[in-house]
J.: 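Below is a structure I'd like to ask you about.
Quick note: numbers below take in every heavy atom, side chains included, and nothing from hydrogens, waters or symmetry partners.
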There are 2 protein chains.
Amino acid sequence: MPAIGDVARLAGVSKATASRALSGRGHVAADTRRRVQLAASEIGYIASPDAASLVTGRTKNIGVVIPFVNRWFFGAVLDGIERTLLAAGYDLTLYNLPVSGPERSRVFEFFLARKRVDAVIVIGVDLTPGEIGGLERREKPVVCIGGSGEVTARLTIDDHGVGALATSHLLHLGHTRIAHLAGVGATSQPASVAGLRAAGFLETTDAAGLPLLADESSAGGPGAILVEADMGMPAGFAAGLQLLGHPAHRPTAVFAASDEMAFGVIRAAERLGLSMPRDLSVIGVDGHEHAELFDLTTIEQSPTEQGRLAVEVALRMLGGEGGGGGAPDPLPDSGAPMPTRLVVRGSTARPAVA
Amino acid sequence: MPAIGDVARLAGVSKATASRALSGRGHVAADTRRRVQLAASEIGYIASPDAASLVTGRTKNIGVVIPFVNRWFFGAVLDGIERTLLAAGYDLTLYNLPVSGPERSRVFEFFLARKRVDAVIVIGVDLTPGEIGGLERREKPVVCIGGSGEVTARLTIDDHGVGALATSHLLHLGHTRIAHLAGVGATSQPASVAGLRAAGFLETTDAAGLPLLADESSAGGPGAILVEADMGMPAGFAAGLQLLGHPAHRPTAVFAASDEMAFGVIRAAERLGLSMPRDLSVIGVDGHEHAELFDLTTIEQSPTEQGRLAVEVALRMLGGEGGGGGAPDPLPDSGAPMPTRLVVRGSTARPAVA
DNA sequence: TTGAAAGCGTTACCAG
DNA sequence: CTGGTAACGCTTTCAA
């Protein structure tokens, strides 16, 4: 493997000059630069990032912490991050965070604690104070997308507002018995994405005068039903069967906390022979790429764009200052929530009978 | 940030001893080791991997090249890789490879060419000879999962056999007008996954005496129809509408090259008012986690397991020898194909009328 | 504009 | 079993 010394010798200059010519830092005669670059490409020289990191303290590598790869939202965010990072010449080191357990702390206490990444982007994780403290102590910029925890830079949509909007949409259509399929932890973690969306739902139904029913088997009539489930399609399907199975208790509308859950509910409804949207209205959240295929009304967000932006923010925090300090507001729009948009499709309509 | 010198000083030993005590390499008195470890944890010392890489030549980092994150198969493989790597104390650097263009060559010629990764795992990519040559020249072990290209270590299922099996299943049920929804490149890249599955289909239908029909709008009657499309659900839906839209030309069975495509076909059939499996049988490939939900007959493979195995192979190639040389057969079972399994569900049955 | 030399933090060799 | 010392490959002062 050729080192910079080889390039220097071939070009007849010192290592210092070769370094300057190739990295672009510092002045070097145009002619010399060309000679060095020629020599470098001739022997196929590529700088060792490790050696460079050692002296500069920068790794040009960003750590990404993510709980699932195989959920559309997370995959899409990852995609946006990857593209942007690649274009900026950065590497992306992936940490697939187990929900909890020793593996989780190992990620924070060992992997992220080392000097291998310049900054960390955390997607959809509810960070504990201890985890945040650990990262801050190491002066690593942290950018969060969704999730919760007292961190300086967080990109997020207005999840409470999303919950309220989805619910209002159904209420305005005339539904009076509405279920919310919330994410796991909606009640135990009020600050989480699941918790905020659920809160928006509950406040809105409450304001409309709908009583909160104990569970899905409560007697018929107006009311709000809250069920927690995993945010994926299989769990949405299972919860959907449960929720819609009993004709007398069935709600006329379901607000699912994610589009994938909503897909599951739709299939459950079909399985039960319900016709949509006559017998049931369903609304989701995300703007999943399959939403159109399922004719699903949803509240869109742009995960890819959020990923792109997270990288921009991280890079800005890195560039502006050494690390954790008082960089003035790295977030766009002073940290205002990211945009969302209600997209109405065929899965929501007025209930069949009043 | 504490360095190993600080630890050594605090423990009253030399840097060399401190290094040995912490890394576990070389002998050191049990008592000394404890003292060093205590000192290290006291000041929160964590070794800099960059400095270590510089001298050992090993980065404890594996590069993963993948064309999509948001396809179930790829996400599942990635998941298996991540878990295994994490357990082994390795980092995973992700390269989301654009299908082609300058970005693609940049990944190979710049990112992977540097000394930042010890080995590369490539998932579902048709590697060009140039790309393979570049990696071999840098003596980087390469492990492929699926895809094509003349590489030493490849984990793969018997895609040709899968194509044949899926087709036989339909033939044995009595279907005589069968369409194959192949992946893009099935005809132009015969060695690709899409190409092999399509070949299995064509040979099997041919052996059964079914003529290959020009396209989906060919006149009715017995025959084999081949259509290429993207392996995702939206493309499967679109192709499904096209294929099934004309009642007179409609095949009675579809073999989709992936489960996601199959899901799309199923929804297309539903949209067209077809009843399954009475009017149409559908079989897919993958063993997608939603297959049961769609009641889809499929040929299962285990991407997560393949990911785990790929890491094992890569690590073995790394451990056994310096790098590219003559390590004897790092693949399990002498490179035999990974297992697959036909899982019959409700989406396939005898055709309604003979 | 260029060169010489001093590190960056670690491991590995060679004595003791 | 332990300590000194020389690397690893690069960037970056500091002089020239």
Side-chain angles (χ1 to χ4, degrees), chain A residues 1-37 39-40 43-61 89 110 113-118 138-139 322, chain B residues 1-37 39-40 43-61 89 91 110 113-118 138-139 322-323:
Chain A
M1 270 248 144
I4 200 170
D6 303 324
V7 177
R9 199 170 322 116
L10 191 65
V13 297
S14 70
K15 296 193 324 186
T17 304
S19 171
R20 280 187 287 251
L22 294 171
S23 70
R25 268 182 294 274
H27 284 204
V28 51
D31 178 48
T32 313
R33 154 164 297 133
R34 259 192 300 278
R35 232 172 44 245
V36 173
Q37 285 171 332
I43 60 178
Y45 167 79
I46 298 179
S48 152
D50 291 357
S53 309
L54 204 53
V55 41
T56 60
R58 299 294 224 71
T59 61
K60 285 223 151 210
N61 187 18
F110 172 65
R114 301 168 307 164
K115 269 190 13 79
R116 195 157 236 180
V117 296
D118 291 336
R138 299 221 140 62
E139 309 203 331
Chain B
M1 272 249 144
I4 201 171
D6 304 323
V7 177
R9 201 171 319 117
L10 191 66
V13 296
S14 71
K15 295 195 323 186
T17 304
S19 171
R20 279 187 291 252
L22 294 171
S23 70
R25 267 183 294 274
H27 284 205
V28 53
D31 179 47
T32 313
R33 154 163 299 134
R34 259 191 300 280
R35 235 177 36 247
V36 173
Q37 284 171 335
I43 61 179
Y45 166 79
I46 297 178
S48 152
D50 290 358
S53 310
L54 202 52
V55 43
T56 61
R58 300 291 225 70
T59 61
K60 286 224 149 209
N61 187 18
D91 279 327
F110 173 66
R114 301 169 307 163
K115 268 188 17 79
R116 193 157 238 179
V117 296
D118 290 335
R138 299 221 141 63
E139 307 203 332

J.: I want to verify a distance call: between D:dT11, C:dT11, D:dG3, whose nearest atom is closest to the B:Ser23 side chain?
T.: C:dT11
J.: Provide, to the nearest angstrom, the distance between the CG atom belonging to A:Leu22 and the P atom belonging to D:dT11.
T.: 8 Å
J.: Enter the distance from A:Arg25:CZ to A:Ser19:OG here, rounded to the nearest 0.5 Å.
T.: 7.0 Å
J.: Considering all heavy atoms of both residues, which atom of B:Arg116 and which atom of B:Asn61 are nearest to each other, and what is their separation?
T.: O-ND2, 3.1 Å
J.: Rounded to the nearest Å, what distance is computed from the CG atom of residue B:Asp50 to the P atom of nucleotide D:dT11?
T.: 13 Å
J.: In Å and rounded to the nearest 0.5 Å, what is the CD1 to CZ distance from A:Ile43 to A:Arg9?
T.: 8.5 Å
J.: Taking A:Asp118 for its side chain and A:Arg58 for its backbone only, find out whether a donor-acceptor pair lies under 3.5 Å.
T.: no
J.: Which nucleotide, C:dT10, D:dG3, C:dT2, lies nearest any side-chain atom of A:Arg20?
T.: C:dT2
J.: Which atoms form the tightest heavy-atom contact between A:Asp6 and A:Met1, and what is the distance?
T.: OD2-O, 4.3 Å
J.: Atom CZ of B:Arg33 to atom C1' of D:dC1: distance rounded to whole Å?
T.: 11 Å
J.: Can you tell me the distance, in whole Å, between the NE2 atom of B:His27 and the P atom of C:dT11?
T.: 17 Å
J.: Does OP1 or OP2 of D:dT2 have a side-chain N or O of B:Thr32 closer than 4.0 Å?
T.: yes
J.: Whole angstroms only, please: what is the CZ-C1' distance between A:Arg114 and C:dG9?
T.: 15 Å
J.: For the pair made of CZ in A:Arg58 and C1' in D:dT12, what is the distance, rounded to whole Å?
T.: 16 Å
J.: Nearest heavy atom decides the nucleotide; on that basis, is B:Val28 or A:Ala52 closer to the 5' end of DNA chain D?
T.: B:Val28
J.: Can you figure out which of D:dG9, C:dT10, D:dG3 approaches the side chain of B:Lys15 most closely?
T.: C:dT10
J.: Starting at atom NZ of A:Lys115, determine the distance to atom C1' of C:dG9, rounded to an integer number of angstrom.
T.: 9 Å
J.: Counting heavy atoms from C-beta on, name the nucleotide in C:dG3, D:dG4, C:dT1 closest to the side chain of A:Ala29.
T.: C:dT1
J.: Any side-chain N or O of B:Ser19 less than 4.0 Å from the OP1 or OP2 oxygen of C:dT11?
T.: yes
J.: Between B:Thr17 and D:dT2, does any side-chain N or O lie under 4.0 Å from OP1 or OP2?
T.: no
J.: Which nucleotide sits closest to the side chain of B:Val55: C:dG9, D:dG3, D:dT12?
T.: C:dG9
J.: Specify the separation, in whole Å, of atom CG of A:Leu54 and atom C1' of C:dT11.
T.: 12 Å
J.: Give one of base, sugar-phosphate or nothing for B:Ala3, where a contact means two heavy atoms less than 4.0 Å apart.
T.: sugar-phosphate
J.: So, is B:Arg25 near the phosphate of C:dA12, with a side-chain N or O under 4.0 Å from OP1 or OP2?
T.: yes
